[in-house]
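Below: the structure, in structure tokens.
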Amino acid sequence: MKKLLPIMLLPFFVFNACEDDDTADCNEAVDNHEEAVALLADINALLGTDGFTGSQEYVDLCVAVYDLAEAGLDECPESFAPYEDYTSEDFDDYRAGCAVTYGEN
């Protein structure tokens with residue numbers, strides 16, 4: 001019986017170890033997304049001002065926000081709840097809008 005106890009506990013430890021990796025991955029995905037959104041918010045503050053000049057970097061950042069959100073929604077739906085009603089087409093439409101909004105005019 002003493003030998004069976006460690007074998008019976010093995011699935012418990014494996015499950016908990018895997019869950020920690022998933023949580024860490026989700027936390028990293030959320031952090032990356034929040035960082036990109038914060039940078040994009042800074043750029044949004046410049047929109048409509050005389051000094052705003054679009055650039056490919058801004059377009060790339062905008063696309064990255066939606067890439068991160070779509071990937072995060074697939075991997076960690078509870079952490080990306082604001083996007084839960086988005087479809088693949090919605091993400092594609094928003095990515096396409098990035099070039100119009102943030103591209104060089």
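FYI, the numbering just counts along the sequence from 1.
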Any residue meeting side chain to side chain contact (heavy atoms under 4.5 Å, CB included) with [X], in chain and number order, not counting sequence neighbours:
| X | result |
| --- | --- |
| D67 | V63, R95 |
| E34 | V30, D31 |
| T49 | L46, F52 |

Q | Contacts of type side-chain hydrogen bond (donor to acceptor under 3.5 Å, both in side chains), residue T87, not counting sequence neighbours | A |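 Expected list: E89, D90.
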
Q: Output all residues satisfying side-chain hydrogen bond (donor to acceptor under 3.5 Å, both in side chains) with N32, sequence neighbours left out; order by chain, then residue number.
A: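 Applying side-chain hydrogen bond (donor to acceptor under 3.5 Å, both in side chains) to N32 gives none.
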
**Q.** Qualifying salt bridge (Lys or Arg N to Asp or Glu O under 4.0 Å) pairs with a residue from residues 43-60, counting only residues at least two apart or across chains
**A.**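 As it turns out, there is no salt bridge (Lys or Arg N to Asp or Glu O under 4.0 Å) pair with a partner in residues 43-60 once direct neighbours are skipped.
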
Indicate the atoms forming the closest heavy-atom contact of [X] with [Y], along with that distance.
| X | Y | result |
| --- | --- | --- |
| V59 | C98 | CG2-O, 3.8 Å |
| E104 | Q56 | OE2-N, 4.3 Å |
| F80 | L73 | O-CD1, 3.6 Å |

Q: May I ask you to check whether H33 and Y83 show a side-chain donor-acceptor distance below 3.5 Å?
A: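 A donor-acceptor contact under 3.5 Å links the two side chains.
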
Q: Indicate whether any N or O donor in one side chain lies under 3.5 Å from an N or O acceptor in the other, for N44 and Y58.
A: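 Distance-only check fails for N44 and Y58.
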
Q.
Within this structure, what is the CD-OG distance for the pair E28 and S79, rounded to the nearest 0.5 Å?
A.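 One finds 12.5 Å between CD of E28 and OG of S79.
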
Q. Could you give the distance from CD1 (I43) to OG1 (T101), rounded to the nearest 0.5 Å?
A.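 Result: 11.5 Å between the selected atoms.
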
Q. In the single-linkage hydrophobic clustering (I, L, V, M, F, W, Y; side-chain heavy atoms under 4.5 Å), do L61 and V37 co-cluster?
A.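 Linked, L61 and V37 end up in one cluster.
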
Q. Between L40 and C62, does a side chain to side chain contact (heavy atoms under 4.5 Å, CB included) hold up when you go through it step by step?
A. CA-CA 7 Å; L40 196 59; C62 179; 4.2 Å; yes

Q.
Check for me whether the distance between the ring centres of Y66 and Y86 falls short of 6.0 Å.
A.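 Not close enough - the centres of the two rings lie 6.0 Å or further apart.
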
Q) So with a 6.0 Å cut-off around CZ of F91, is the heavy-atom count from everything else above 12? A)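 Correct, the count exceeds 12.
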
